[in-house]
**Student:** 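One structure coming up, written as structure tokens, with questions to follow.
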Amino acid sequence: MKSNILDIHNKLKTKEISPIDLVNNAKSIWIKNKSLNSIITPIFPTNLPQFDKDNLLSCILYSLKDNICTKNILTTGGSKFLSTYMPPYDATCYELLQKAKATLISKDSLDEFGLGGVGHYCFTGIVKNPCDPTKITGGSSSGSAVNVKLKISTFALATDTGDSIRRPASLVGIVGYKPSYGVISRYGVYPYAPSLDHVGILANYVADCCIVASYLNKKDPKDMTSLELTNSINLQKLQTKNKIKFIVFEKLLSLLDPQYLNEFNKLLNLLRKNGHEICLCKDPAPINEINKIYKILSYMEAYSCYSCLTGLNYGLNVSDVKDNYEQTILKNRSAGFGNESKKRFTIGAYLTRPEKFIDNVQGAYAIKNKIIAWENALYQNNSDCILMPTVQGPTPSHQQPFAKNNYDDWLTIANFTGSPSITIPFTNINKMPYGITITTKKYNDMDCLNYAYTVEELLQRVKNE
Amino acid sequence: MEIDKKYIHQLANSLYFALNDEQSSKVMEIIIGFQEINSIKTDFISQITNNKTIILRDDVANHTNLDVLKNTTIINEFVVSK
């Protein structure tokens, strides 16, 4: 079983390395790669807890996307508005990792409040792809993906509202796991769109995601949407499966760049040769409009969530003493928010105008519910999971970051349905990594991890042959 | 309601921030793209509620680009429940 956490744990156990060696090594990698701009607040602590051999996460280095609250440690949300903000409390997911004695080494760059998909909207600047710095990292969990890829952190916690964990994972060549809705508590995590927000994990192997998730899946009384899975996530249950029925969408294959289609076809062949089944699905056309529904719901919720930032109680305040109440807020919000956030907030406000609320918002929710019914129906023939390429073609450059990518929209389906979805590295094309995404039924997280693990092992075996 | 740049600027102002001209143009462009949302809703919902089937295709052999799928399992039709 490939697992960085297990490898490091064993080395700590045999004293081949010490916890402080791990931190020093991570710090030196970060210093060499500072130009990638992956970290907002470096921590790299020197005062470390004693290694606990009975605890797999003990002394394991991790980082947090900087929208996860850490008491008395800067939590900027990637925004100039909160660039000096120290939360007075911890997020539950951070508390659980502290309890497990894992070592937090950094707070990572992200698109402002998670509102972005390319890694260009953090107030500290553009995050660059370690595989080729001229290419985008994807977002919004850009910094966390870079840190895990470079092994600055062994794993990272991040958030996924549309595809914010899975897309950067694919673009840098690591594993990105978005669990079912509620599996990891959102308490203390800055929202983007609460009905779609998920906390998830970035790591180098499926087993690492499984280990971390097993520590984090707890019912949290502070987050009423959180739950403990009936079929709990546990490393002991991680195993390869003999016969998996994969659903593949015909429409998506027709959109793929030819070189990528060729590689994906090879994967399908490999799966079939190994006893798995591929079921081709013709999707209904309106699914193509999913991007619009996502925008309506997420922009509307985002604009509502961030109306509270005024700069009066905390956050950026650039006002003059002569300014009245309204002028103060106008100045603070104009100076504090980045262009992308302002754009999305304005559209959110437009869509929720009272005279259009039913058409826009209720209409979008109605379609979302139908999409959930549609996805459930896909599994009625005993199919196990959906398999799709994570991106459509070559990684865009920083100059043209918005290359058409309909695949983003398809990844969002798992946010609508709250289903577990995981991206794993699959191949390299022109030296750039390329991922595939596996999505299963809501709350079947252990199955999702097992299917991903099966494909990961298979690809590893082929690579070694 | 007629959408123009002035309206977009007013809307941003009501949210207590200022937009520049380039930003308001981008906002306009996206909002115009949303105008068709009602027809999408109607099409999609009628398709689902009329019990239109979603078929896992069995005629994949005709897909020259997808030769790997020639032997793909044929799955029965099924209906999306109301």
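What's counted below: heavy atoms across the whole structure, side chains too, no hydrogens, waters or symmetry copies. The chains referred to below are lettered A, B, ... by the order of the sequence lines, with proteins before strands, and numbering in each begins at 1.
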**Student:** Does atom CD of E22(B) have more than 12 heavy-atom neighbours from other groups under 6.0 Å away?
**Tutor:**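 Not more than 12 within 6.0 Å, no.
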
**Student:** Sort out for me which of N13(B), L15(B), L19(B), N20(B) touches chain A most, counting heavy-atom pairs under 4.5 Å.
**Tutor:**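 Ranked by heavy-atom pairs under 4.5 Å with chain A, first place is L15(B).
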
**Student:** Would you indicate whether K442(A), at its atom NZ, is surrounded by more than 12 heavy atoms from other residues, nucleotides or ligands within a distance under 6.0 Å?
**Tutor:**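 More than 12 within 6.0 Å, yes.
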
**Student:** If you take all heavy atoms of L11(B) and T346(A), which pair is closest and at what distance?
**Tutor:**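 Closest approach of L11(B) to T346(A): CD2-O, 3.5 Å.
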
**Student:** Taking side chain as everything from C-beta outward and backbone as N, CA, C, O, which of these in E326(A) sits under 4.5 Å from a heavy atom of chain B? Side chain, backbone, both or neither.
**Tutor:**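 It is both, since atoms from each part get that close.
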
**Student:** Can you say whether Y303(A) sits under 4.5 Å from chain B via the side chain, the backbone, both, or neither, judging by heavy atoms?
**Tutor:**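 Just the side chain, heavy atoms under 4.5 Å.
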
**Student:** Count the heavy-atom pairs under 4.5 Å between each of N382(A), L330(A), N369(A), N376(A) and chain B, then report the option with the highest count.
**Tutor:**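 Looking at each of N382(A), L330(A), N369(A), N376(A) in turn, L330(A) comes out on top.
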
**Student:** Taking the side chain as everything from C-beta on, heavy atoms only, tell me whether K343(A) gets closer than 4.5 Å to K26(B).
**Tutor:**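 Counting from C-beta outward, K343(A) and K26(B) do come under 4.5 Å.
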
**Student:** Name the region of S307(A), side chain, backbone, both or neither, that has any atom closer than 4.5 Å to a heavy atom of chain B.
**Tutor:**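 Answer is neither: S307(A) stays 4.5 Å or more from chain B.
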
**Student:** In this structure, are over 12 heavy atoms from other groups packed under 6.0 Å from K441(A) atom NZ?
**Tutor:**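 Not buried by this count: 12 neighbours or fewer within 6.0 Å.
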
**Student:** In this structure, are over 12 heavy atoms from other groups packed under 6.0 Å from D320(A) atom CG?
**Tutor:**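 More than 12 heavy atoms, drawn from other residues, nucleotides or ligands, come within 6.0 Å of this atom.
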
**Student:** Using modelled atom types only, decide if a donor and an acceptor are shared between the side chain of S334(A) and the backbone of A18(B) within a distance under 3.5 Å.
**Tutor:**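 Between the backbone of A18(B) and the side chain of S334(A) there is a qualifying donor-acceptor contact (under 3.5 Å).
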
**Student:** Would you please classify the geometry between the F345(A) ring and the F17(B) ring as parallel, tilted or perpendicular, with 30° and 60° separating the classes?
**Tutor:**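 Geometry flag for F345(A) against F17(B): tilted rings.
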
**Student:** Contact between L351(A) and I31(B) at the side-chain level, heavy atoms closer than 4.5 Å - yes or no?
**Tutor:**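 The answer is no, as the side chains (C-beta and beyond) never meet within the 4.5 Å cut-off.
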
